[in-house]
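Below, read A as the first sequence line, B as the second, and so on, with proteins coming before strands; counting in each chain starts at 1. Since the model is a prediction, treat every value here as computed from it, not as a measurement.
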Protein chains: 2
Amino acid sequence: MTGEPAGGDLSRLRQLNALAVIRVLQGQESLTLTEVARRTGLSRASAEDVVRELLRMGWVAEAGATAGGVGRPARRYRFRADAGRVLGVDIGGHKVLAVVADLDGDVLHSARLPVTPEMGRLERLEAVDRAVAECLEGAGMSGGEVWASGVGTTGLVDGVGKVLLSEALPEWTGVDLAAHVRRLAPAPVLVENDSKLAALAERWRGVARYAKDMVFLLAGLRTGAGLVIDGKLHRGFANAAGEIGALPALGWIRAQEHLSAASGEAGDVFAAARAGDRAAATAVRRYVKDLALGASALVLALDPQMVVVGGGFSRSADVLIEPLRRELDRWCIRTPEVRMSALGDEAVVLGAVRLALDDVEERVLDGRTPLVSHL
Amino acid sequence: MTGEPAGGDLSRLRQLNALAVIRVLQGQESLTLTEVARRTGLSRASAEDVVRELLRMGWVAEAGATAGGVGRPARRYRFRADAGRVLGVDIGGHKVLAVVADLDGDVLHSARLPVTPEMGRLERLEAVDRAVAECLEGAGMSGGEVWASGVGTTGLVDGVGKVLLSEALPEWTGVDLAAHVRRLAPAPVLVENDSKLAALAERWRGVARYAKDMVFLLAGLRTGAGLVIDGKLHRGFANAAGEIGALPALGWIRAQEHLSAASGEAGDVFAAARAGDRAAATAVRRYVKDLALGASALVLALDPQMVVVGGGFSRSADVLIEPLRRELDRWCIRTPEVRMSALGDEAVVLGAVRLALDDVEERVLDGRTPLVSHL
DNA sequence: GATAAATATCATGGAGAGCATCATTATTCG
DNA sequence: CGAATAATGATGCTCTCCATGATATTTATC
């Protein structure tokens with residue numbers, strides 16, 4: 001019932017153990033063989049065997065020994081995060097953000113270009129080209145050195161990297177982003193909705209690091225959601241999970257109107273409310289009420305451990321989080337933890353990086369990655 | 001990121017392969033070694049080895065050879081579904097249903113007792129005792145032969161088998177069902193909400209057999225939901241997933257009122273509507289509208305492949321399914337398949353059986369099941 | 001009825017992976 | 001400088017899977 005344990009070959013066992021070793025090495029600066037053995041549950045002898053093989057394949061390198069401590073000093077090994085590079089791109093209404101990261105997911109170089117929501121398809125894609133080019137150049141790389149790319153954008157995305165529907169950006173429906181980015185870096189390209197990627201990022205490096213189930217709320221000029229269920233990004237059958245905003249009864253459509261009605265610029269409303277402006281405070285209260293309605297639906301449906309609020313408005317957490325928590329309390333059977341995003345406007349691009357890394361790791365596990373050829 | 005592949009020992013590999021062999025044998029009446037090898041991907045020699053061990057442990061038995069066909073006739077092996085027994089119990093407002101099933105999940109004996117929603121705790125528990133006793137007796141068993149029990153009931157259930165909250169049944173909050181059933185059959189007892197179990201059953205043996213993600217709607221005197229995500233029952237952090245009815249904006253609370261307002265007995269309204277009664281038709285239409293609102297929230301949140309409608313009203317599928325599909329179409333971005341339950345009022349008890357079987361299988365996998373002692 | 005063909009079972013040997021054990025080696029501490 | 005400590009390296013064992021070939025049992029054909 002519960003999936004396919006499948007079983008298999010002896011080599012499969014080695015693959016699993018090799019991956020386990022890589023995981024524990026990724027979690028630390030560097031480790032000795034004894035530590036690797038203890039953390040993986042392998043015997044010391046086997047750990048040595050696995051590490052030797054990974055060393056030969058280029059996934060692991062020897063690190064400088066640390067002084068101090070009695071006894072023969074242990075050799076230390078580290079994951080070679082620098083063995084490969086992945087590309088992450090966030091294509092939004094107001095900015096295009098491209099980053100190059102190593103295999104640990106640490107950002108090596110980033111390039112940010114301002115764009116406007118009104119820009120057409122060609123202009124926006126051209127900005128993507130420039131951001132990626134600048135980013136690769138800054139990292140001293142060519143596109144050929146990229147192992148995998150992740151791309152985040154607004155709207156519904158299909159399984160092979162095309163935008164199925166985007167209401168926020170003009171001429172954006174139908175763009176084949178995978179093909180476009182593959183021209184810049186000839187490697188697998190994974191495209192995903194921006195809210196979903198932000199959820200992935202918060203679960204990876206943000207405030208939801210150990211949550212099994214969590215709901216990410218994108219609170220900004222648009223309102224959206226991304227779901228992590230059982231530690232994995234939940235996409236749904238047609239990649240449309242989390243689109244609770246389609247239901248008028250739950251108010252995500254009108255939510256943002258309260259803010260723009262109160263003031264010209266939405267961002268200012270929060271500042272005004274904080275300063276004591278009565279009208280602004282009312283607008284914010286109404287906004288939160290509507291936001292909470294849709295959020296409650298998601299929370300009641302999934303009963304997640306945590307709700308993370310991100311997007312442009314999360315900077316105004318002080319006037320947002322506490323009221324939101326109170327509103328959720330009104331509707332939910334069990335109100336989950338409510339936290340502000342830790343990653344700000346880099347959440348989406350970090351999620352894109354994580355998506356690319358997942359692809360790389362999957363290929364490692366399958367033994368299909370010819371690492372040597374990349375060195 | 002994606003869970004723990006963990007890796008491990010050689011014996012772990014054997015466990016996985018043994019489980020794979022059991023799985024393919026469970027799927028068929030009986031198989032030859034060559035067939036087992038082909039279906040598991042193992043070599044013939046290894047398949048033989050594994051089967052021999054399973055034979056020794058009592059999980060597998062030799063089946064009669066089938067005549068016909070050229071060449072030396074192959075020995076045939078079958079999973080020994082009769083090696084163990086599990087108990088499933090459904091404790092509802094109107095009935096208590098207990099079944100004994102074998103390890104294939106085939107029901108060997110069942111006992112059904114009528115109860116009333118008004119009954120108090122003691123009276124209802126006493127009905128459980130009688131149903132279970134009758135069922136065990138009918139199967140010619142003692143409680144000691146049960147390997148695991150699954151129990152389904154209305155309301156929220158905690159992780160160890162206590163009812164946390166039940167509004168539908170009097171004096172039901174706080175009952176320790178796990179302890180109660182363990183007295184009748186001293187084996188692990190798993191307790192779960194009835195909607196969730198019905199979902200599990202539909203995914204196992206019902207109309208959602210191959211759906212990765214699905215939503216089960218309980219449409220009856222109560223309204224509820226159960227979620228299967230990525231092939232597994234989704235429980236949530238506090239076992240409260242699917243409780244979308246708590247949100248007044250989505251109308252599940254008032255849904256049923258339309259029906260009772262139109263007539264004394266809810267079941268009759270559907271019949272009247274079918275017969276052309278205008279008032280009844282209006283009541284049904286309003287009911288479906290409200291039902292669909294909450295269902296849409298679940299569908300939009302999860303984007304499942306399928307929605308399965310069960311519960312008492314699913315007998316009136318002809319006046320329910322098509323309108324529901326139309327209403328979902330109004331709200332959802334992508335309307336999933338909508339199907340009627342195939343299991344009727346046995347869905348919950350079958351889900352309970354599945355829950356018990358999952359527990360047994362998990363123990364097989366861990367090698368913690370001392371099968372021999374049960375023989 | 002003898003022979004051929006087909007298919008299954010059984011036996012042998014080898015390779016890969018993991019583990020326990022012990023001698024060896026490189027440090028630090030007293 | 002010797003003792004204590006801890007890592008490394010080597011050896012041999014077991015377990016698991018697999019390939020291959022010998023043997024067994026049946027049906028089809030002449």
Can you tell me how far [atom2] of [N] sits from [atom1] of [X], to the nearest Å?
X: A:L10; N: C:dC19; atom1: CG; atom2: C1'; value: 14 Å
X: B:L42; N: D:dA19; atom1: CG; atom2: C1'; value: 15 Å
X: B:L13; N: C:dG16; atom1: CG; atom2: C1'; value: 11 Å
X: B:E35; N: C:dA8; atom1: CD; atom2: P; value: 8 Å
X: A:R14; N: D:dC17; atom1: CZ; atom2: P; value: 17 Å

So A:L25 and A:W59, do their side chains get closer than 4.5 Å, heavy atoms only?
no

What distance do B:R85 atom CZ and B:L103 atom CG have between them, rounded to the nearest 0.5 Å?
7.5 Å

Reckon A:T32 touches a base, only the sugar-phosphate, or nothing at all at heavy-atom distances under 4.0 Å?
nothing

Could you point out which residue of A:L31, A:V21, A:I22, A:V24 forms a side chain to side chain contact (heavy atoms under 4.5 Å, CB included) with A:F79?
A:I22

Intermediate values then yes/no, side-chain contact (heavy atoms from CB on, under 4.5 Å), B:N239 and B:E192:
CA-CA 9 Å; B:N239 218 7; B:E192 192 48 88; 3.4 Å; yes

Do [X] side-chain atoms and [Y] backbone N/O form a donor-acceptor pair below 3.5 Å?
X: A:D303; Y: B:A238; result: yes
X: B:R203; Y: B:A211; result: yes
X: B:D102; Y: B:D82; result: no

For DNA chain C, determine which residues of residues 44-51 of chain B have any heavy atom closer than 4.0 angstrom to one of its atoms, and list them numerically.
B:R44, B:E48

With sugar-phosphate taken as primed atoms, P, OP1 and OP2 and all else as base, the protein-contact string of nucleotides 23-30 of chain D at under 4.0 Å (heavy atoms; B, S, -) is -BBBS---

List for me each residue that meets salt bridge (charged side-chain N to carboxylate O under 4.0 Å, His left out) alongside B:E35, sequence neighbours excluded, and say none if there are none.
B:R76

Hey, does the side chain of [X] come within less than 4.0 Å of [N]'s phosphate (OP1/OP2), counting only N and O?
X: B:N17; N: D:dC17; answer: yes
X: B:T34; N: C:dA8; answer: yes
X: A:R75; N: D:dA7; answer: no

